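Structure, as structure tokens:
Model, not experiment: these values are computed from the prediction. Reckoned from all heavy atoms, side chains included, excluding hydrogens, waters and symmetry mates.
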Amino acid sequence: MGKKEVSLEVNGSHDDNAKITKPKVTFSQKIGALCFLVVQIVVTVTVMRYSRISSKGKPYISSTVVVLSELLKVAGASMLVARDAGGFDGAKRQIYREVFVKRSETLKMMVPATLYAIQNNLLFVALSHLDSAVYQITYQIKTITTAMFAVLILRKDITKMQWFAIVLLAIGVAVVQLGVHSKSAHVKVEDSGEELRPQQNPAVGILAILAACFSSGFAGIYFEKVLKQTKQSVWIRNIQLGMFGFVASAITMLLKDGTELREYGFFHGYNGVVMTVVGLQASTGLIVAMVVKYTDNIIKAFASALAIIGASLASVFIFSFEADTNFAFGAILVVIATYTYGTRGRKPPRKA
């Protein structure tokens, strides 16, 4: 095979009968897309945090941002379809044909959209019944479930060293999160000095977060499979996913925040910063889909882990966050895991 190169293996499947499409993308393009995703997530998380702590009085209702970002994602993907179709007339015909005529293809996107909505609700349940540290550690199992579904659904080959890197990544992110949350894990009741603890059922919390991890892993790999095994463009798939995502997020918003919406209104607390958050979240959804299309969900997990570290470092300078030894140790584990997965995980070519 000639020259040796350092590579983040994309699909990894050696099965000649596999139907996964491998787009022709150079290694530098993959790295560029991943770096762009990392920067995008860091900026999004930082601006989101600033939007929450800088608001005067009652902050905006966060579920409204999710609804608007889904709408904006559909609009953004439609504009990209128009660019590729040579204008809005071509885009209208293509969107009508691919989204509304080919209804069976559109319905495929109902699966990940529904699972993501279920996942978000399960995470709220888990947060209500688990301490912050337990929540952050347990939620990293999603990295392992994603790899597991990649093997089961996409028939992806993952080497022993890559499995080691995936587990190490989950541990590293959990330790980083411990470093971030350790200083704010306990809330004290003013005057009494007692800890404020709602009625908690740890068993319910653990079951909820495990279900969320499996939902996240399956939804991500299912979305990757649809993106790579069908001819529809990534922008059309984003329109389909955004439509179902809008419906799911709107229902969640009404059920979760209906009382507040009636009292304060949909756009309560909105300003330029909040609208920036809406735009960033919508664009992140488009970028994530591209990364999944041209690399895979496991690589995306590594990019997200690096973004967590980047966002935390940004917080040091912007929000006076103090990084402790847990954060430093976890960051080192994430870097080692990323390097190991990318450069030491490839199997040697099979002999004929």
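Between Val42 and Thr46, the shortest heavy-atom contact is O-OG1, 2.7 Å. Of all non-hydrogen atoms in Leu122 and Ala211, the two that sit nearest each other are CD1-CB, 3.7 Å. Considering every non-hydrogen atom in both Ala126 and Ile209, the closest pair reads CB-CB, 3.9 Å. Here the shortest heavy-atom pairing between Ile239 and Ser78 reads CD1-OG, 3.6 Å. Nearest heavy-atom pair across Val273 and Ser51 is CG1-CB, 3.6 Å. The shortest heavy-atom contact between Leu241 and Pro112 is CD1-CG, 3.9 Å.
Under the 4.5 Å side-chain contact rule for hydrophobic residues, Val67 and Ile118 do not share a cluster. Under the 4.5 Å side-chain heavy-atom criterion for Ile, Leu, Val, Met, Phe, Trp and Tyr, Val234 and Tyr116 are members of distinct hydrophobic clusters. Note on Leu168 and Leu306: same hydrophobic cluster, where clusters join Ile, Leu, Val, Met, Phe, Trp and Tyr whose side-chain heavy atoms are under 4.5 Å apart, directly or indirectly. One hydrophobic cluster, built from ILVMFWY side chains closer than 4.5 Å, holds both Leu210 and Tyr139. Linking ILVMFWY side-chain heavy atoms closer than 4.5 Å, directly or via other members, places Ile336 and Val334 in a single hydrophobic cluster.
Checked by atom type and distance alone, the side chain of Thr44 never pairs as donor or acceptor with a backbone atom of Gln281 at under 3.5 Å. Between the side chain of His268 and the backbone N or O of Lys58, at least one donor-acceptor pair lies under 3.5 Å. Judged by distance alone, the side chain of Ser215 and the main-chain N or O of Leu115 form a donor-acceptor pair under 3.5 Å. Counting only distance, with no hydrogens or angles, the side chain of Gln94 and the backbone of Ala85 share no donor-acceptor pair below 3.5 Å. Within the 3.5 Å criterion, the main-chain N or O of Tyr60 finds no donor-acceptor partner in the side chain of Tyr264. Side-chain atoms of Thr145 come within 3.5 Å of backbone atoms of Cys213 as a donor-acceptor pair (strictly under, hydrogens ignored).
Looking at Phe327 and Leu313, their side chains come closer than 4.5 Å, going by heavy atoms from C-beta outward. Residues Tyr222 and Val226 have side chains in contact (heavy-atom distance under 4.5 Å, counting atoms from C-beta outward). Side-chain contact between Met253 and Leu261: present, with at least one pair of heavy atoms (C-beta onward) separated by less than 4.5 Å. A heavy-atom distance below 4.5 Å is found between the side chains of Leu107 and Phe244. Using a 4.5 Å heavy-atom cutoff, the side chains of Val291 and Phe36 are not in contact. Inter-residue side-chain proximity for Val151 and Trp163 is flagged as met; some heavy-atom pair is nearer than 4.5 Å. Between Asp296 and Lys228, some side-chain heavy-atom pair lies under the 4.5 Å cut-off.
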Discussion item. Please evaluate residues Val74 and Phe246 with respect to the criterion side-chain contact (heavy atoms from CB on, under 4.5 Å), reporting the C-alpha separation (whole Å), side-chain torsions for both, the decisive distance (0.1 Å), and the verdict.
Written reply: CA-CA 9 Å; Val74 171; Phe246 169 74; 6.0 Å; no
Practice prompt. Any chance you could lay out the side-chain contact (heavy atoms from CB on, under 4.5 Å) test for Trp235 and Met290, step after step, and finish with the verdict?
Written response: CA-CA 9 Å; Trp235 310 130; Met290 284 201 65; 3.3 Å; yes
Discussion item. Could you go through Asp157 and Gln162, starting from their C-alpha distance and side-chain angles, then the distance that decides it, and tell me whether this counts as side-chain contact (heavy atoms from CB on, under 4.5 Å)?
Written reply: CA-CA 10 Å; Asp157 283 341; Gln162 285 178 321; over 6 Å; no
Item to complete: Begin with the C-alpha distance, continue with both residues' side-chain angles, and end with the deciding distance and a verdict on side-chain contact (heavy atoms from CB on, under 4.5 Å) for Tyr341 and Ile166.
Response: CA-CA 7 Å; Tyr341 188 91; Ile166 289 167; 4.0 Å; yes
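A salt bridge does not link Lys300 with Glu224: every distance from a Lys NZ or Arg NE/NH1/NH2 to an Asp or Glu carboxylate oxygen is 4.0 Å or more.
For the atom pair OG1 (Thr276) and CE (Met48), the distance works out to 12.5 Å, reported to the nearest 0.5 Å. Rounding to the nearest 0.5 angstrom, the gap separating the CG atom in Leu68 from the OH atom in Tyr270 is 4.5 Å. Gln40 CD to Leu286 CG: the interatomic distance, rounded to the nearest 0.5 Å, is 9.5 Å. The OG atom of Ser304 sits 11.5 Å away from atom CD1 of Ile309, with the distance rounded to the nearest 0.5 Å. Annotation: the span from Lys102 atom NZ to Lys231 atom NZ amounts to 8.5 Å, rounded to 0.5 Å. Rounding to the nearest 0.5 Å places CZ of Phe214 at 10.0 Å from CD1 of Ile144.
For the residue pair Asn297 and Thr146, no side-chain donor N or O sits within less than 3.5 Å of a side-chain acceptor on the partner. Using a 3.5 Å distance cut-off with no hydrogens or angles, the side chains of Arg237 and Gln240 do pair a donor with an acceptor.
Around CZ of Phe266, the count of heavy atoms belonging to other residues, nucleotides or ligands within 6.0 Å exceeds 12.
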